[in-house]
Q: 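Dropping a structure here in structure tokens format, bear with me for questions.
Numbers here simply count residues along the sequence, with the first being 1. We count ligands from 1, going down the list as the structure has it; atoms in each ligand are counted the same way.
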Amino acid sequence: MEIIIENTKIKSIAADITTLTVDAVVNAANSSLMGGGGVDGAIHRAGGGEILQECKKIIAKIGRLPTGEAVITTGGKMPSKYVIHTVGPVWHGGQRNESELLKNAYINSLKVARDHSIKTIAFPSISTGVYGYPVKYASREAVSSVADFIKQSPGLFDEIIFCGFDSSAEEEYAKALEEIA
Ligand code: ADP
């Protein structure tokens with residue numbers, strides 16, 4: 001599924017995000033930035049040790065990365081030049097500000113991208129693995145946050161990809177895109 005908003009192509013795909021040739025891939029990291037399972041582990045494995053080295057330097061400066069914030073490192077050996085690390089919220093049933101925190105993760109990732117003149121970005125399905133956020137809701141938050149940001153600041157990005165790991169995740173992003181098209 002693909003839509004265009006203010007000259008930015010927004011699409012949903014199913015893929016291993018570490019294989020994508022984009023300026024930046026976003027990592028669903030945790031506050032320690034020390035790597036982990038899921039997409040975080042896959043990105044560190046594919047990108048190599050340089051990513052962790054840069055993460056350690058960042059953590060030495062800021063202590064920990066709060067939920068909803070974002071920082072940037074090299075993409076190491078991946079095709080993407082950069083990794084933008086953000087921390088999504090853990091799902092507790094929806095009453096603990098999860099949607100606002102998830103929105104912040106997308107918006108702050110886009111702000112970091114803008115500040116590095118990044119034109120093409122791929123997002124994984126943040127918070128929907130170990131953190132348990134239902135993909136049906138997470139996909140709607142993701143798509144609306146990104147679409148609102150683009151409408152407010154047109155002309156920054158060429159392409160934004162929502163990268164589900166499998167076709168069932170991709171379908172949720174496709175539906176969310178259809179709803180706002
Ligand atoms: P979180 O802790 O934010 O929930 P996870 O990494 O556990 O993060 O899961 C986030 C999403 O990333 C899940 O939907 C999972 O299926 C997906 N995922 C895992 N590995 C990859 C990968 N290599 N490429 C794209 N998506 C992936």
Q: Just to be sure I understand the cut-off, which residues have at least one non-hydrogen atom under 4.0 angstrom from an atom of ligand 1?
A: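 Ligand 1 pocket, heavy atoms under 4.0 Å: Ala15, Asp16, Ile17, Ala28, Gly38, Val39, Ala42, Ser125, Ser127, Thr128, Gly129, Val130, Tyr131, Phe165.
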Q: My understanding is that only residues two or more places apart in sequence, or in another chain, count here; which of them pass side chain to side chain donor-acceptor pair (under 3.5 Å) with Ser99?
A: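 None.
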Q: Using the test side chain to side chain donor-acceptor pair (under 3.5 Å), find all partners of Tyr173 that sit at least two apart in sequence or belong to another chain.
A: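 For Tyr173 the side chain to side chain donor-acceptor pair (under 3.5 Å) partners, ignoring immediate neighbours, are Ser125.
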Q: Identify each donor-acceptor pair in which a side-chain atom of residues 45-71 lies under 3.5 Å from a protein atom, sequence neighbours left out, and give them as a table.
A:
residue, atom, partner, partner atom, Å
Glu54, OE1, Thr74, N, 3.0
Arg64, NH2, Ser31, OG, 3.4

Q: Can you tell me how the ring of Tyr106 sits relative to the ring of Phe162, calling it parallel under 30°, perpendicular over 60° and tilted otherwise?
A: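 The rings of Tyr106 and Phe162 sit tilted, inter-plane angle from 30° to 60°.
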Q: Which atom pair, heavy atoms only, marks the closest approach of Ile84 to Ala24?
A: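 The pair with the smallest heavy-atom distance is CD1-CB, 4.0 Å.
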Q: Is any side-chain N of the basic residue among Lys119 and Glu159 closer than 4.0 Å to the acidic one's carboxylate O?
A: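 Between Glu159 and Lys119 there is no salt bridge, as every charged N stays at least 4.0 Å from the carboxylate O atoms.
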